[in-house]
Amino acid sequence: MSVARSIDPDQIGFDPARLARIDEHFGRYVDDGRLAGFQVVVTRRGEVAHSSTYGLRDAEAQVPVKADTLWRIYSMTKPVTSVAAMILWEEGRFELTDPISRWLPEFADLRVYSKGSALKPYTVPAVEPIRVWHLLTHTAGLTYGFMQTSVVDGLYRAAGYDLYPPADVDLATACAAFGELPLLFQPGTAWGYSVATDVLGRLVEVISGQSLDAFFADRIFRPLGMTDTHWWVEGDTAARLAALYAPDPRTGRAFRYDKLGALAYEKPILLSGGGGLISSAADYHRFTQMLLRGGELDGVRVLGPRTVRFMTRNHLPGGRDLETLSTGGFAETTLEGVGFGLGFAVVEDPIPSRVPSSVGEYYWGGVASTAFWVDPAEEVTALFFTQLLPSSTWPIRPQLRQLVYSALLD
């Protein structure tokens with residue numbers, strides 16, 4: 001399945017010549033070797049104003065990016081998991097204030113890191129349980145081993161949880177391990193990007209009685225017609241997956257990173273709600289259109305409109321932004337003027353980023369430089385796909401925003 005331009009851009013307020021600058025600009029990234037290739041989709045009011053591909057999905061084999069190319073979306077899995085959880089919330093299966101230990105007893109009696117080294121950490125009891133809303137907002141006190149900014153990160157790595165988990169670990173086992181490790185901070189007091197969404201995925205499994213892949217398929221993918229979104233690729237589908245790249249530290253040119261890229265061809269033991277999906281531009285376009293339309297697409301309702309509006313408001317304690325609450329070590333989003341909702345970063349004030357956007361715009365991205373945003377005020381969505389680790393290598397996301405918004409004239 002592909003997503004094609006459906007309307008003349010000037011009919012929905014875009015200047016076609018200005019939209020063409022997107023491909024011209026990012027084409028230079030490809031032409032000088034910083035990216036192998038990319039795919040972009042920009043919509044307004046449900047119509048596709050710009051859809052393009054450029055460069056190669058496999059530079060070594062000289063295979064071009066095509067409309068049906070598949071991409072490792074990594075943390076763009078997180079909004080899908082958050083939607084899955086809120087489907088259950090709408091059914092009254094839990095309250096956002098419920099302690100997660102009600103279903104996941106490994107998260108009872110938690111300890112919080114206070115001081116000391118990774119060899120001899122000193123911890124104190126948690127004064128607040130991890131609640132469901134803490135998982136959705138990354139305020140649970142969990143972390144990622146790959147962040148490498150704290151003693152607790154080091155404890156995660158020592159337990160085998162870095163960018164990927166140990167090879168023989170499933171989601172239940174991983175969550176049990178997370179429950180044994182100290183928290184980075186007291187729940188609800190700070191913002192720390194973390195395995196919280198993986199734990200949320202486990203919560204979905206336990207509450208629903210289904211595996212995460214089955215729940216996603218039954219409640220999100222099949223209803224929305226997302227036929228190209230999977231946990232791994234095989235057979236004919238595998239040929240459509242873009243190769244994974246990283247920058248050469250000397251030249252900045254993209255080089256193939258098969259060590260991690262090859263994992264997409266194997267059925268995972270751990271279904272990572274925080275970063276496990278592979279998808280296409282057409283599929284994620286349908287997901288973002290569902291969100292823009294308040295939880296409904298083509299007559300299929302996934303969430304209620306008030307739920308989507310509730311998810312995409314700032315839920316950080318005291319209405320503060322990520323700049324004041326973040327524990328640091330995170331580069332996927334501007335922190336100042338940005339809050340966090342139930343699964344999405346939310347723009348509270350676009351001025352500190354010095355990049356145009358709208359108040360209420362929500363977004364996220366993946367570690368291989370994929371990104372999306374939904375702007376309810378302008379009725380705009382934008383998607384960018386490439387495969388370059390890490391996402392902080394080039395300023396793709398702010399540049400895409402300035403190119404898209406400068407093309408919007410009405």
Side-chain angles (χ1 to χ4, degrees), residues 73 75-90 94-98 100 130-142 187-201 203-204 220 273-275 284 287-296 302-327 330 332-350 352-353 357-366 371-382 397 401:
I73 62 171
S75 286
M76 282 168 58
T77 305
K78 287 180 170 70
V80 180
T81 305
S82 301
V83 165
M86 295 305 288
I87 289 171
L88 293 171
W89 176 83
E90 285 194 327
F94 63 85
E95 295 181 46
L96 292 173
T97 53
D98 283 336
I100 65 171
I130 295 178
R131 303 182 188 276
V132 180
W133 76 267
H134 294 142
L135 297 180
L136 283 155
T137 57
H138 290 282
T139 58
L142 301 164
T189 64
W191 187 89
Y193 197 46
S194 74
V195 297
T197 315
D198 289 298
V199 178
L200 185 68
L203 199 66
V204 168
I220 301 173
Y284 216 86
F287 182 72
T288 56
Q289 290 304 301
M290 176 273 292
L291 293 170
L292 180 65
R293 291 167 57 93
E296 177 273 334
V302 176
L303 291 173
R306 287 166 182 78
T307 299
V308 175
R309 290 199 294 270
F310 184 62
M311 293 175 70
T312 54
R313 296 183 65 182
N314 183 17
H315 285 252
L316 294 181
R320 287 176 288 177
D321 65 8
L322 296 178
E323 179 71 19
T324 59
L325 280 181
S326 176
T327 56
F330 182 71
E332 281 197 11
T333 182
T334 300
L335 301 180
E336 191 177 358
V338 177
F340 206 87
L342 303 180
F344 309 88
V346 181
V347 176
E348 295 279 277
D349 181 0
S353 71
S357 58
S358 299
V359 174
E361 176 187 300
Y362 53 96
Y363 64 92
W364 206 240
F372 82 94
W373 79 77
V374 177
D375 182 343
E378 297 287 2
E379 299 178 88
V380 166
T381 69
R397 294 166 186 174
R401 274 184 170 81

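This chain uses plain numbering: 1 for the first residue, then up along the sequence.
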* side-chain contact (heavy atoms from CB on, under 4.5 Å) partners of Arg313, counting only residues at least two apart -> none

* Aromatic ring centroids of Tyr284 and Phe372 under 6.0 Å? -> yes

* Apply side chain to side chain contact (heavy atoms under 4.5 Å, CB included) to Met86 and Val308, showing your working. => CA-CA 9 Å; Met86 295 305 288; Val308 175; over 6 Å; no

* Asked: Looking at residues at least two apart in the chain, or sitting in another chain, which of them share a side chain to side chain donor-acceptor pair (under 3.5 Å) with Ser358?
  -> Asp375

* Partner residues of Ser353 under the side chain to side chain donor-acceptor pair (under 3.5 Å) criterion, sequence neighbours left out -> none

* So do Val132 and Leu203 actually touch side chain to side chain, heavy atoms under 4.5 Å? -> yes

* Can you tell if the side chain of Phe310 reaches within under 4.5 Å of the side chain of His315, non-hydrogen atoms only? -> yes

* Structure fact -> Sequence neighbours excluded, the answer for salt bridge (Lys or Arg N to Asp or Glu O under 4.0 Å) partners of Glu379 is Arg45

* Structure fact -> All heavy atoms of Pro317 vs all of Gly188, minimum pair found to be CG-O, 3.1 Å

* Structure fact -> With sequence neighbours left out, the residues meeting side-chain contact (heavy atoms from CB on, under 4.5 Å) with Ser357 are Val347, Pro350, Glu361, Arg401, Tyr405

* Asked: Is any side-chain heavy atom of Leu88 less than 4.5 Å from a side-chain heavy atom of Val204?
  -> yes

* **Backbone N/O of Glu336 and side chain of Asp321: donor-acceptor pair under 3.5 Å** => no

* Quick one: closest heavy-atom pair of Glu95 and Asp98, and the distance? => N-OD2, 2.8 Å

* Asked: Between Asn314 and Gly341, is there a donor-acceptor pair closer than 3.5 Å when you use the side chain of the first and the backbone of the second?
  -> no

* Got a sec, which residues hit side-chain contact (heavy atoms from CB on, under 4.5 Å) with Gln289, two or more places apart in sequence or on another chain? -> Thr43, His285, Leu292, Leu297, Thr381

* Which residues satisfy the side-chain contact (heavy atoms from CB on, under 4.5 Å) test with Arg306, sequence neighbours excluded? -> Arg309

* Tell me, do Val199 and Ile100 make a side-chain contact under 4.5 Å, heavy atoms counted? -> yes

* To do: Dump the intermediate steps for side chain to side chain contact (heavy atoms under 4.5 Å, CB included) on Tyr363 and Val374, then the final yes or no.
  => CA-CA 6 Å; Tyr363 64 92; Val374 177; over 6 Å; no

* Asked: With sequence neighbours excluded, what pairs up with Phe344 under the ring-ring contact (aromatic ring centres under 6.0 Å, His included) test?
  -> Tyr362

* To do: Can you see which heavy atom on Leu200 is nearest to which on Ala85, and at what distance?
  => CD1-CB, 3.8 Å

* Asked: If every non-hydrogen atom of Gly273 is compared with every non-hydrogen atom of Thr77, which pair is closest and at what distance?
  -> O-CG2, 3.4 Å

* **Thr288 side chain near Trp373 side chain, heavy-atom distance below 4.5 Å** => no

* Do any N or O atoms from the side chain of Arg293 and from the backbone of Glu296 form a donor-acceptor pair under 3.5 angstrom? -> yes

* side chain to side chain contact (heavy atoms under 4.5 Å, CB included) between Arg131 and Leu96, intermediate numbers included -> CA-CA 7 Å; Arg131 303 182 188 276; Leu96 292 173; over 6 Å; no

* For Gly360 against Pro376, the heavy-atom pair lying closest together -> O-CD, 3.7 Å

* Asked: What distance do Ile87 atom CD1 and Ile220 atom CD1 have between them, rounded to the nearest 0.5 Å?
  -> 4.5 Å

* Asked: Taking only residues two or more places apart in sequence or in another chain, which ones pass side chain to side chain donor-acceptor pair (under 3.5 Å) with Thr139?
  -> Thr137

* **Interatomic distance, His138 atom NE2 to Leu342 atom CG [nearest 0.5 angstrom]** => 11.0 Å

* Please report the closest heavy-atom contact between Gly339 and Glu348, naming both atoms and the distance. => N-CG, 3.8 Å

* Asked: Listed by chain and number, what are the salt bridge (Lys or Arg N to Asp or Glu O under 4.0 Å) partners of Asp349, not counting sequence neighbours?
  -> none

* Ser326 side chain to Glu323 main-chain N or O, any donor-acceptor pair under 3.5 Å? -> no

* Asked: Is the distance between the ring centroids of Trp191 and Phe340 under 6.0 Å?
  -> yes

* Where do Val83 and Leu303 land on the side chain to side chain contact (heavy atoms under 4.5 Å, CB included) test, with the steps shown first? -> CA-CA 8 Å; Val83 165; Leu303 291 173; 3.9 Å; yes

* To do: May I ask you to check whether Tyr193 and Trp364 place their ring centres under 6.0 Å from each other?
  => yes

* Met311 side chain near Leu291 side chain, heavy-atom distance below 4.5 Å -> no

* Asked: For Glu90, which residues count as a side chain to side chain donor-acceptor pair (under 3.5 Å) partner, sequence neighbours excluded?
  -> Thr307

* Check: Gly274 main-chain N/O paired with Thr197 side-chain donor or acceptor under 3.5 Å -> no

* Structure fact -> Sorted by chain and residue number, the salt bridge (Lys or Arg N to Asp or Glu O under 4.0 Å) partners of Glu378 (sequence neighbours excluded) come out as Arg44

* **Check: Ser82 side chain, Lys78 main-chain N or O, donor-acceptor pair, under 3.5 Å** => yes

